[in-house]
Undergrad: 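Please read through the structure below; I'll follow up with questions.
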Amino acid sequence: MIDYRIFYSHPHRHFISFEAKFPVKGKSVLQLQLPAWRPGRYELGNFAKNIRMWHALDEYGNVLSFKKKSKDLWEVDCLGLEVVNIRYQYYAAELNAGSTYLDEEQLYINPVNCFFYDVENASAPYRLQFYLPERYQIATGLTKESEHTLLADSFDQLADSPLIASASLQHLYYGMNNVIYHIWIQGDVTIDEDRLIREFAAFTEEQLNIFGDIPCKEYHFLFQFVPYRLRHGVEHCNSTVITMGPATDFASDEGFKDLLAISCHELFHTWNVKNIRPKEMMPYDFSRENYSELGYVAEGVTTYYGDYLLWRSGSFSDAEWLNVLTDTINVHVSNPGRFNLSVAESSFETWLDGYVQGIPWRKVSIYNEGCLVALICDLMILNATGGKQSLDDVMRKMYEDFGKTNKGYTSQDYRLALEQISGQSFEHIFSSLVFGTDDYIPFLKEALNTVGLEMVEKELNDCAATHFGLVVDESQGKVVVRSVAEGSPADMAKLWVGDEILSVNRVSISHNFNQLLRAAEGSAEFTVLSKGVIRKRQIFADGTKYNLRYKVRRNDAASKAQIELYTKWKSRYAVTN
């Protein structure tokens with residue numbers, strides 16, 4: 001048993017103190033690893049940068065010598081000792097769904113950020129004793145030995161079990177199939193609790209209809225509601241942390257449904273990635289990158305179901321679901337990176353820059369493009385089987401074959417499941433869309449047509465974007481180039497990301513940029529500030545329309561068969577409304 005004590009003083013300073021006892025009998029050195037990343041975000045987190053005052057001592061308080069072997073690996077000399085004690089402080093000043101945070105109102109810990117494990121004995125159990133203010137309660141998926149003492153079977157379980165300790169936690173719950181789903185709310189928020197429980201239960205039921213059971217004895221939604229703009233969720237084996245704000249948004253129907261969407265997404269992760277896991281992550285290696293090309297399944301399929309199941313459960317109307325598809329497709333077509341890296345390659349590359357825009361024209365999103373691949377696969381299966389089978393059956397098979405057997409899967413395994421369920425080849429989907437950079441639009445049109453939907457082209461109401469391939473940002477009172485379409489008039493005029501446009505045809509810009517371009521009738525001289533130098537740029541429209549967008553809508557000429565398939569897509573396990 002590894003015993004940890006967690007305490008603090010002066011919470012406004014954001015430093016949490018940790019003391020731990022590691023058994024070392026028979027060892028000459030103890031290697032203590034702090035994770036370099038956290039599951040759910042496939043990039044290095046370098047949490048060791050938040051640690052100070054690290055010390056190692058024997059059981060009598062004598063200081064032991066140690067050496068850092070890497071940025072997050074400590075090695076302690078311990079020959080002849082029974083126990084090594086370590087002490088350190090962790091700086092917890094950032095509040096998001098994957099961080100650790102301390103202030104006067106709460107202690108919030110993601111253990112993967114700030115707890116060490118013995119490299120040679122990561123399976124050792126943990127006991128965590130918290131020294132907390134009076135009336136604090138702890139919300140977590142970990143076992144409670146007492147009110148403020150928690151137990152973990154291993155570091156894997158500990159690392160995957162966040163907690164919130166506070167005197168102001170609100171607690172709601174609902175039950176389904178002998179499992180209790182806890183809803184813990186931290187933060188000042190006004191929300192319809194009856195509706196929250198009702199609609200959470202509805203999407204939970206849809207997920208259980210797919211998988212049959214949930215691979216945990218209880219589940220915890222841990223909500224951090226904040227007064228500023230934030231939307232972030234992280235999945236765990238029997239819980240999720242969701243940080244959202246501003247908290248006032250959730251009194252509106254739009255804000256409430258956004259909360260439903262992220263919550264449905266994170267619950268689906270309980271099966272897809274926490275249980276059905278890529279082979280490269282069986283088990284997690286917390287000390288280094290865990291490269292995988294399977295983000296299009298782990299995140300893409302989950303993104304698809306996060307909204308799709310809200311449509312099936314009745315939380316989203318038909319129009320709202322079609323708007324989700326419209327938005328997802330338009331994010332895709334607005335990203336020229338789709339012609340450079342495939343979604344599988346972009347998954348591998350998340351360890352470089354997966355969560356920021358990165359350089360222009362480089363990559364796609366495992367969430368967005370993965371969602372579109374899942375949509376295409378689902379509709380292909382529905383069409384091939386006359387609505388008798390769907391992506392539901394594929395995910396259920398993946399759960400049975402890999403999740404329940406604790407076996408990691410490969411891309412070939414996932415493709416085989418698609419082909420076995422549908423009875424057709426998915427070779428062209430994988431070669432063209434998953435591992436290739438072919439145009440998604442023909443595949444999307446064909447798939448949506450099977451359920452009587454069509455994609456209608458729409459121009460942006462933006463002269464610069466449509467006729468010159470130039471997207472600008474005017475939010476700060478300036479006109480700054482945000483993106484340039486490759487080969488467009490803007491590109492040929494040598495305009496580039498970050499350039500500030502000062503005038504059009506010698507007329508200074510004052511919230512009238514597109515008006516000036518329309519008046520220029522296809523040809524204009526820009527004055528730009530580029531890298532600190534004022535330059536002249538001559539731009540000519542070439543007749544091509546750039547930055548086209550799409551709208552997904554019902555086809556009035558849809559056949560009876562298409563309408564029937566649409567109904568089966570919508571109402572897989574429920575009576576059609």
Undergrad: Give a yes or no on whether a salt bridge exists between K478 and D473, defined as a side-chain N under 4.0 angstrom from a carboxylate O.
TA: no
Undergrad: Any chance you could measure I183, atom CD1, to I242, atom CD1, to the nearest 0.5 Å?
TA: 10.0 Å
Undergrad: Identify whether the distance between the nearest side-chain nitrogen and carboxylate oxygen of D318 and K570 falls below 4.0 Å.
TA: yes
Undergrad: Could D353 and R362 be called an ion pair, given the rule that one side-chain N must be under 4.0 Å from one carboxylate O?
TA: yes
Undergrad: Heavy-atom distance under 4.5 Å between the side chains of V552 and M455, does that happen here?
TA: yes
Undergrad: Quick one: do V241 and E266 satisfy side chain to side chain contact (heavy atoms under 4.5 Å, CB included)? Show the steps, please.
TA: CA-CA 9 Å; V241 179; E266 298 303 336; over 6 Å; no
Undergrad: Do Y304 and T328 pair up side chain to side chain, a donor and an acceptor below 3.5 Å, judged on atom types alone?
TA: no
Undergrad: Within a strict 4.5 Å, meaning less than it, do heavy atoms of the R535 and D499 side chains meet?
TA: no
Undergrad: As a quick check of understanding, evaluate side chain to side chain contact (heavy atoms under 4.5 Å, CB included) for V481 and V471, giving each step before the final call.
TA: CA-CA 6 Å; V481 177; V471 177; over 6 Å; no
Undergrad: Under 6.0 Å from the six-membered ring centre of Y409 and within 45° of its axis: does the NZ or CZ of R277 meet both?
TA: no
Undergrad: Supply the atom-to-atom distance D327 CG to Y550 OH, rounded to the nearest 0.5 angstrom.
TA: 15.5 Å
Undergrad: ring-ring contact (aromatic ring centres under 6.0 Å, His included) between F443 and Y440: does it pass, once the steps are laid out?
TA: CA-CA 5 Å; F443 291 86; Y440 276 45; 7.5 Å; no
Undergrad: When the aromatic ring centroids of F211 and W271 are compared, is their separation below 6.0 Å?
TA: yes
Undergrad: Roughly how far apart are K397 NZ and I276 CD1, rounded to 0.5 Å?
TA: 12.0 Å
Undergrad: Could you check whether any side-chain heavy atom of L495 comes within less than 4.5 Å of a side-chain heavy atom of D491, counting everything from C-beta outward?
TA: no
Undergrad: Side chains of E454 and L448: does their closest heavy-atom pair fall under 4.5 Å?
TA: no
Undergrad: Distance check, rounded to the nearest 0.5 Å: S503 atom OG versus F526 atom CZ?
TA: 9.0 Å
Undergrad: Would R198 and F200 count as a cation-pi pair here, with the cationic atom under 6.0 angstrom from the ring centre and within 45° of the axis?
TA: no
Undergrad: Does anything in residues 230-252 pair up under ring-ring contact (aromatic ring centres under 6.0 Å, His included), and if so which pairs, sequence neighbours excluded?
TA: F225-F250
Undergrad: Does the E419 side chain pair with the main chain of F426, one donor and one acceptor, at a distance under 3.5 Å?
TA: yes
Undergrad: State, to 0.1 Å, how close A493 and R537 come at their nearest heavy-atom pair, and which atoms those are.
TA: O-CD, 3.2 Å
Undergrad: For L341 and E349, run side chain to side chain contact (heavy atoms under 4.5 Å, CB included): C-alpha distance rounded to whole Å, both residues' side-chain angles, the deciding distance at 0.1 Å, then the answer.
TA: CA-CA 9 Å; L341 286 182; E349 296 280 317; 4.0 Å; yes
Undergrad: Quick one: do the T240 and E235 side chains pair a donor with an acceptor below 3.5 Å?
TA: no
Undergrad: Any donor-acceptor pair under 3.5 Å linking the side chain of S422 with the backbone of I381?
TA: no
Undergrad: Check whether any side-chain N or O of R338 sits under 3.5 Å from a backbone N or O of N335 as a donor-acceptor pair, and report yes or no.
TA: yes
Undergrad: Salt bridge or not between D253 and K257? Use side-chain N to carboxylate O under 4.0 Å.
TA: yes
Undergrad: So does A251 get a backbone contact from the side chain of T190, meaning a donor-acceptor N/O pair under 3.5 Å?
TA: no
Undergrad: Does Q412 form a side chain to side chain contact (heavy atoms under 4.5 Å, CB included) with L416? I'd like the steps, not just the answer.
TA: CA-CA 6 Å; Q412 290 77 14; L416 181 61; over 6 Å; no
Undergrad: Hey, does the side chain of N383 reach the backbone of T450 with a donor-acceptor pair shorter than 3.5 angstrom?
TA: no
Undergrad: Side chains of F513 and L470: does their closest heavy-atom pair fall under 4.5 Å?
TA: yes
Undergrad: Is the closest side-chain donor-acceptor distance between S510 and N512 under 3.5 Å?
TA: no
Undergrad: CG of L418 to CD of E427: how many Å apart, nearest 0.5 Å?
TA: 13.0 Å
Undergrad: Quick one, Y399 and P215 - any side-chain contact, counting heavy atoms below 4.5 Å?
TA: yes
Undergrad: List the residues meeting side-chain hydrogen bond (donor to acceptor under 3.5 Å, both in side chains) with Y181, not counting sequence neighbours, and say none if there are none.
TA: none
Undergrad: Does N96 use its side chain to pair, donor to acceptor, with the backbone of S99 at less than 3.5 Å?
TA: yes
Undergrad: Are Y42 and Y291 side-chain neighbours, meaning at least one heavy-atom pair lies under 4.5 Å?
TA: no
Undergrad: F221 vs F203 aromatic rings, parallel, tilted or perpendicular, using cut-offs 30° and 60°?
TA: perpendicular
Undergrad: Any luck finding a side-chain donor-acceptor pair between D392 and Y305 under 3.5 Å?
TA: yes
Undergrad: Quick check: closest heavy atoms across L259 and S263, and the distance to 0.1 Å?
TA: O-OG, 2.8 Å
Undergrad: How far apart are the closest heavy atoms of E320 and F316, and which atoms are they?
TA: OE1-CA, 3.3 Å
Undergrad: For a quick test of reading the model, state the closest non-hydrogen atom pair linking C237 to T270 and the distance between them.
TA: O-CG2, 3.5 Å
Undergrad: Can you find a pair of side-chain heavy atoms, one from M281 and one from S292, that are under 4.5 Å apart?
TA: yes
Undergrad: Could you tell me which residues satisfy ring-ring contact (aromatic ring centres under 6.0 Å, His included) with Y566, sequence neighbours excluded, listed by chain and number?
TA: W311
Undergrad: So does A298 get a backbone contact from the side chain of T302, meaning a donor-acceptor N/O pair under 3.5 Å?
TA: yes
Undergrad: Check the pair D307 / R312 against salt bridge (charged side-chain N to carboxylate O under 4.0 Å, His left out), numbers first and verdict last.
TA: CA-CA 9 Å; D307 291 312; R312 286 193 351 196; over 6 Å; no
Undergrad: At what distance, to the nearest 0.5 angstrom, does OG of S315 lie from CD of E199?
TA: 3.5 Å
Undergrad: Can you see which heavy atom on G386 is nearest to which on K568, and at what distance?
TA: O-NZ, 3.0 Å
Undergrad: For the residue pair Y174 / T204, report whether a side-chain donor-acceptor contact shorter than 3.5 Å exists.
TA: yes
Undergrad: Look at the side chain of Q207 and the backbone N and O of C264, then say whether any donor-acceptor pair between them is shorter than 3.5 Å.
TA: yes
Undergrad: Is the closest basic N to carboxylate O distance between K545 and E459 below 4.0 Å?
TA: yes
Undergrad: For residues R396 and N209, report the shortest heavy-atom separation together with the two atoms involved.
TA: NH2-O, 3.7 Å
Undergrad: Main chain of V507, side chain of N505: is a donor-acceptor contact present, judged purely on distance under 3.5 Å?
TA: no
Undergrad: For the residue pair N547 / T466, report whether a side-chain donor-acceptor contact shorter than 3.5 Å exists.
TA: no
Undergrad: Does the ring center of W184 lie less than 6.0 Å from the ring center of F223?
TA: no
Undergrad: Under the 3.5 angstrom rule, does the side chain of N340 hit a backbone N or O of K363 as a donor-acceptor pair?
TA: no
